[in-house]
Amino acid sequence: MPPDTTPGAERERWAPTHGEPYRPTPYRPARMPSGESLARAAELRARMEERRTVRHFSRDPVPAQAVLDAVACAATAPSGAHQQPWTFVLVKDPVVRQQIRAAAEQEEELSYDGRLGDEWLAALRPIGTDAVKTHLTDAPALIVVFQQRYWLGPDGTKRKHYYVDESVGIAVGMLLSALHLSGLAALVHTPSPMRFLAHVLERPENEKAFAVIPVGYPADDCEVPDLLRKSLDQVVVEV
């Protein structure tokens with residue numbers, strides 16, 4: 001892994017704080033003027049409206065630091081008891097990506113041949129997916145996100161993590177946003193089961209695969225499903 005060039009990289013390294021006393025620190029961010037806040041919110045909404053899940057990737061390389069910065073953004077996500085129960089494995093080696101694709105397609109073939117069930121297959125039909133996962137080898141990088149079910153110390157000590165699914169899910173959402181706002185395309189791929197990922201990537205016993213996220217640029221002939229998002233009034237209830 002290259003040196004961390006992100007702001008604050010010179011700070012002390014994180015260590016578990018289990019059982020330590022509460023130590024507050026002042027937080028006084030400058031308040032943004034309402035006009036600027038509205039303008040930024042409108043710009044962000046417009047840019048995020050352009051985000052699409054991409055399954056057809058160019059093989060062109062992407063800026064390495066942009067991907068690392070997006071992961072750094074994801075790692076600022078809130079987490080249960082600030083335990084930060086995530087690991088992001090950045091896979092660029094084409095041989096390893098091919099291993100992941102072969103294992104994923106083996107599981108996907110079983111799923112599409114009946115393991116998913118008719119209802120799930122019907123739900124997927126408008127998306128146009130199948131068991132062939134070219135994005136796992138066409139995209140120049142994969143970010144495999146693992147959730148740490150518990151903390152595992154160097155001496156084998158274990159401590160339970162809390163709200164792991166929620167914490168890692170929030171981090172993945174922030175990762176997708178950061179990638180998109182950096183001009184990169186991505187896809188959340190969740191082959192089921194995903195146990196093979198821990199084996200291929202030699203992850204420790206406390207980690208469980210959560211998602212595979214191919215990252216790159218859309219291919220020149222990229223297509224996406226013609227879908228509609230729910231309108232704001234369909235997703236917001238004001239009380």
Side-chain angles (χ1 to χ4, degrees), residues 51-62 67 70-71 74 85-149 164-166 168-173 175-176 179-180 184-229:
R51 190 203 63 78
R52 294 300 306 264
T53 291
V54 166
R55 291 180 171 83
H56 304 104
F57 286 90
S58 165
R59 298 193 177 191
D60 294 340
V62 297
V67 177
V71 172
W86 43 63
T87 301
F88 302 88
V89 180
L90 180 57
V91 185
K92 294 186 283 187
D93 187 323
V95 174
V96 179
R97 287 189 285 121
Q98 181 58 52
Q99 291 176 336
I100 291 174
R101 176 180 172 180
E105 288 185 337
Q106 184 176 0
E107 295 295 346
E108 293 287 342
E109 287 173 4
L110 294 173
S111 295
Y112 279 88
D113 284 345
R115 187 166 62 184
L116 290 178
D118 292 340
E119 186 173 357
W120 182 219
L121 288 173
L124 287 174
R125 196 167 296 125
I127 309 298
T129 59
D130 56 31
V132 180
K133 305 301 178 184
T134 56
H135 49 263
L136 295 175
T137 48
D138 286 348
L142 304 178
I143 301 173
V144 185
V145 185
F146 287 86
Q147 50 182 201
Q148 300 171 6
R149 305 307 300 178
V164 175
D165 292 341
E166 294 86 348
V168 178
I170 294 169
V172 167
L175 176 60
L176 295 175
L179 290 169
H180 172 69
L184 302 175
L187 157 72
V188 177
H189 179 55
T190 53
S192 179
M194 291 192 282
R195 289 186 294 271
F196 68 88
L197 288 165
H199 174 71
V200 171
L201 297 173
E202 300 180 344
R203 301 310 305 156
E205 64 180 59
N206 64 322
E207 293 187 1
K208 178 182 177 183
F210 186 84
V212 182
I213 303 177
V215 178
Y217 297 115
D220 291 340
D221 58 351
C222 179
E223 295 180 339
V224 296
D226 186 8
L227 302 175
L228 286 176
R229 292 189 174 102

With side-chain contact (heavy atoms from CB on, under 4.5 Å) as the test, would you mind laying out the steps for V91 and V144 before giving the verdict?
CA-CA 7 Å; V91 185; V144 185; 4.1 Å; yes
How far apart are the C-alpha atoms of F146 and L201, what are their side-chain angles, what is the distance that settles it, and do they pass the side-chain contact (heavy atoms from CB on, under 4.5 Å) test?
CA-CA 11 Å; F146 287 86; L201 297 173; 3.9 Å; yes
Scan residues 200-211 for pairs that pass side chain to side chain donor-acceptor pair (under 3.5 Å), counting only residues two or more places apart or in two chains.
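Passing the test, one end in residues 200-211: T87-E207, Y150-E205, K158-E205, R203-E207.
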Among pairs that include at least one residue of residues 116-136, which meet side chain to side chain donor-acceptor pair (under 3.5 Å), considering only residues two or more places apart or in two chains?
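Found Y112-T129.
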Nearest non-hydrogen partners of [X] and [Y], listed with the distance:
{"X": "M194", "Y": "A209", "value": "CE-O, 3.4 Å"}
{"X": "Q147", "Y": "F210", "value": "NE2-CD1, 3.3 Å"}
{"X": "C222", "Y": "V54", "value": "SG-CG1, 3.9 Å"}
{"X": "A74", "Y": "F88", "value": "CB-CZ, 3.9 Å"}
{"X": "P225", "Y": "P126", "value": "CB-O, 3.7 Å"}
{"X": "P140", "Y": "V215", "value": "CD-O, 3.2 Å"}

Min side-chain heavy-atom separation [X]-[Y] under 4.5 Å:
{"X": "F196", "Y": "P191", "result": "yes"}
{"X": "F57", "Y": "P218", "result": "no"}
{"X": "I143", "Y": "V89", "result": "no"}
{"X": "S58", "Y": "D220", "result": "no"}

So with a 6.0 Å cut-off around CD of Q98, is the heavy-atom count from everything else above 12?
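More than 12 within 6.0 Å, yes.
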Looking at R115, I want to see if its CZ is surrounded by more than 12 non-hydrogen atoms of other residues, nucleotides or ligands under 6.0 Å.
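Yes, because the 6.0 Å sphere around CZ of R115 holds more than 12 heavy atoms from other groups.
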Let's go through V212 and T190 carefully: what are the C-alpha distance in whole Å and the side-chain angles of both, what is the deciding distance for side-chain contact (heavy atoms from CB on, under 4.5 Å) to 0.1 Å, and is it a yes or a no?
CA-CA 6 Å; V212 182; T190 53; over 6 Å; no
Looking at A219, is its backbone amide N or carbonyl O close enough to the side chain of H56 to form a donor-acceptor pair, meaning the two atoms are under 3.5 Å apart?
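Absent.
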Quick one about R97 and Q99 (side-chain donor to acceptor, distance below 3.5 Å, no hydrogens or angles considered), yes or no?
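No, because no side-chain N or O of Q99 sits under 3.5 Å from a partner of the opposite role on R97.
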Inter-residue atom distance E108.CD - S192.OG, 0.5 Å rounding:
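Going from CD on E108 over to OG on S192, the span is 8.5 Å.
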Starting at CD1 of I100, measure out to OG1 of T137 and round the result to the nearest 0.5 Å.
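Separation between the atoms: 10.5 Å.
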Among L187, L142, L176, whose side-chain contact (heavy atoms from CB on, under 4.5 Å) with I213 holds?
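Option passing the side-chain contact (heavy atoms from CB on, under 4.5 Å) with I213: L176.
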Quick one: do V67 and V62 satisfy side-chain contact (heavy atoms from CB on, under 4.5 Å)? Show the steps, please.
CA-CA 8 Å; V67 177; V62 297; 3.8 Å; yes
Would D138 and R101 satisfy salt bridge (charged side-chain N to carboxylate O under 4.0 Å, His left out), going step by step from the backbone distance to the final call?
CA-CA 10 Å; D138 286 348; R101 176 180 172 180; 5.5 Å; no
Flag the pair R55 and E223 as a salt bridge only when some basic side-chain nitrogen lies within less than 4.0 angstrom of an acidic carboxylate oxygen.
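No salt bridge links R55 with E223.
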